[in-house]
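Scroll down for the structure; my scribbles are underneath it.
Order of listing sets the numbers, starting from 1, for every ligand and every atom in it. Nothing here was measured: the structure is a model prediction, and the numbers come from that model.
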Amino acid sequence: MALVLHDSMARDKRIFVPADPKRVTMYVCGPTVYSYAHIGNFRAAVVFDLLFRTLRRHFGADAVIYARNITDIDDKIINAAREAGAAIGDITAKYAAIYREECAALNILPPTLEPAATKHIDEMIALVGTLIAAGCAYAAEGHVLFAVDRFSAYGGLSHVDRDEMIAGARVEVAPYKENPADFVLWKPSAADEPGWDSPWGRGRPGWHLECSAMIEKTLGETIDIHGGGQDLRFPHHENEIAQSSCAHHGAPLARYWVHNGFLRMGTEKMSKSLGNVALLRDLLEQWPGEALRWALLSAHYRQPLEWTDALIDQSKRQLDRFYRLLAEAPDAPAPKEPPKSVALALDDDLNTPSAMAGLHELRDIAMQMEGEPRRRAIGALKAAGEMMGFFSADPAAWFRGQGADGPTAEEIESAIAERAAARKARDFAKADRIRDDLLKKGVVIEDGPGGATWRRA
Ligand code: AMP
Ligand code: ZN
């Protein structure tokens with residue numbers, strides 16, 4: 001059975017045929033590491049993890065090379081470091097480590113490769129040189145710009161018109177630009193900004209350039225799949241295409257372009273600038289990562305997904321039902337082949353709603369059986385869920401973890417506040433009672449210099 005993917009370039013579903021089935025390459029634009037990521041940021045990470053798993057099922061685990069970069073040089077990072085009074089490298093190392101941990105909590109497999117922008121500056125400078133030599137780029141006032149007029153296919157992915165292009169250039173139209181839509185490949189750094197010596201002076205790369213250089217270095221000139229959030233189609237991916245194709249004599253950057261839709265809060269995109277974000281680290285205090293993963297995959301990846309407490313709650317409850325069954329036979333044998341219904345749904349452009357319906361059916365089937373057939377049916381269900389990165393917890397532990405029958409994070413916080421008030425009033429008996437009561441419910445309170453913190457035992 002073939003894997004079918006929606007290709008944003010073709011604007012249609014296409015059967016996925018890699019250039020070399022022994023070396024299937026996928027690149028996904030990764031995080032800019034300067035703060036905690038919100039759940040919207042993780043939609044792409046989860047969706048492309050599912051695609052990674054699906055590719056591995058088709059072509060073999062060793063045949064798929066998945067690179068997800070770390071953007072560790074960027075103006076937002078420079079500003080965050082300035083505000084925190086910290087070194088840029090400390091900020092990026094901290095948030096890259098947090099990002100990896102949070103991905104693990106969502107059962108996201110580590111990508112095969114995780115190139116960091118600052119480790120590829122030489123390649124970026126070389127790429128700029130190639131683009132100037134090819135006549136696609138020009139240097140002006142310490143900047144190097146890509147001349148969009150000299151790449152006739154510009155706009156082919158996003159089909160934006162000229163006004164949008166100019167707006168997409170984001171910065172005010174600088175006088176040194178030949179065309180307002182030209183975008184920056186390299187820009188000068190002030191003395192107090194990080195920079196690297198280059199033929200155009202001390203400076204730093206533009207964001208688009210980073211991905212083109214890292215793709216070329218880690219995966220090659222033309223890759224099988226390029227992915228990211230749909231907002232990256234323009235200008236980011238359009239500019240990656242322009243850079244890479246110009247540098248590689250017109251060779252396409254990617255054979256398939258896959259984009260995921262937005263996570264919404266109400267009718268708006270969840271976004272930092274709107275201030276309507278739910279940070280993953282806060283959600284993980286209250287919910288198991290797998291319930292958040294289930295919620296993220298509950299809509300088809302190209303559709304918008306509305307994020308609500310009810311969605312998370314329902315996701316947790318659905319998983320509870322599966323885990324209750326899995327708990328009957330935690331060591332049920334896996335079948336030779338995972339169940340077809342779920343595999344076929346995933347192979348149809350990652351149709352996760354249909355795949356989840358398939359899991360529910362497998363559960364219903366198992367529930368109607370007894371003895372050894374029931375055990376085998378549970379094994380089949382488990383294998384089907386694992387294709388999607390579910391059912392990784394020990395069932396017994398699942399029912400003890402976050403969102404289990406214990407108090408909610410809100411209830412815990414309010415008990416802690418009550419305890420602090422009791423202590424302030426020197427009613428230590430009451431304070432101790434509250435602490436012991438929480439402990440009985442599996443919540444440990446720890447007093448520290450910044451006040452009390454809690455964790456589930
Ligand atoms: P930001 O931190 O807002 O700059 O977002 C970084 C990347 O995360 C974006 O380029 C998107 O691809 C992705 N992203 C941000 N917000 C959302 C969202 N609400 N839904 C899906 N993806 C998002
Ligand atoms: Zn990119």
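The distance between the ring centers of Phe146 and Phe183 falls below 6.0 angstrom. Checked against a 6.0 Å centroid threshold, the rings of Phe42 and Tyr99 count as neighbours. The ring of His360 has its center closer than 6.0 angstrom to the ring center of Phe322.
In summary, Asp192 and Arg82 engage in a salt bridge, as defined by a charged side-chain N under 4.0 Å from a carboxylate O. The residues Asp7 and Arg14 are annotated as salt-bridged, a charged nitrogen and a carboxylate oxygen being separated by less than 4.0 angstrom. A salt bridge links Lys382 with Glu386: the closest approach of a Lys/Arg side-chain nitrogen to an acidic carboxylate oxygen falls below 4.0 angstrom.
For Asp75, the side-chain hydrogen bond (donor to acceptor under 3.5 Å, both in side chains) partners two or more places apart in sequence, or in a different chain, are Lys187, Arg204. Not counting sequence neighbours, His159 has no partner by the ring pair (Phe, Tyr, Trp, His ring centres under 6.0 Å) test.
Closest non-hydrogen pair, Trp307 versus Met270, comes out as CD1-CE, 4.0 Å.
Closer than 4.0 angstrom to ligand 1 by heavy atom are His38, Gly40, Asn41, Lys76, Gly229, Asp231, Leu232, Gly261, Phe262, Leu263, Lys269, Met270, sorted by chain and number.
Atoms of the protein (N, O or S only) found under 2.8 Å from the Zn ion (ligand 2) are Cys29 SG, Cys211 SG, His236 NE2, Glu240 OE2.
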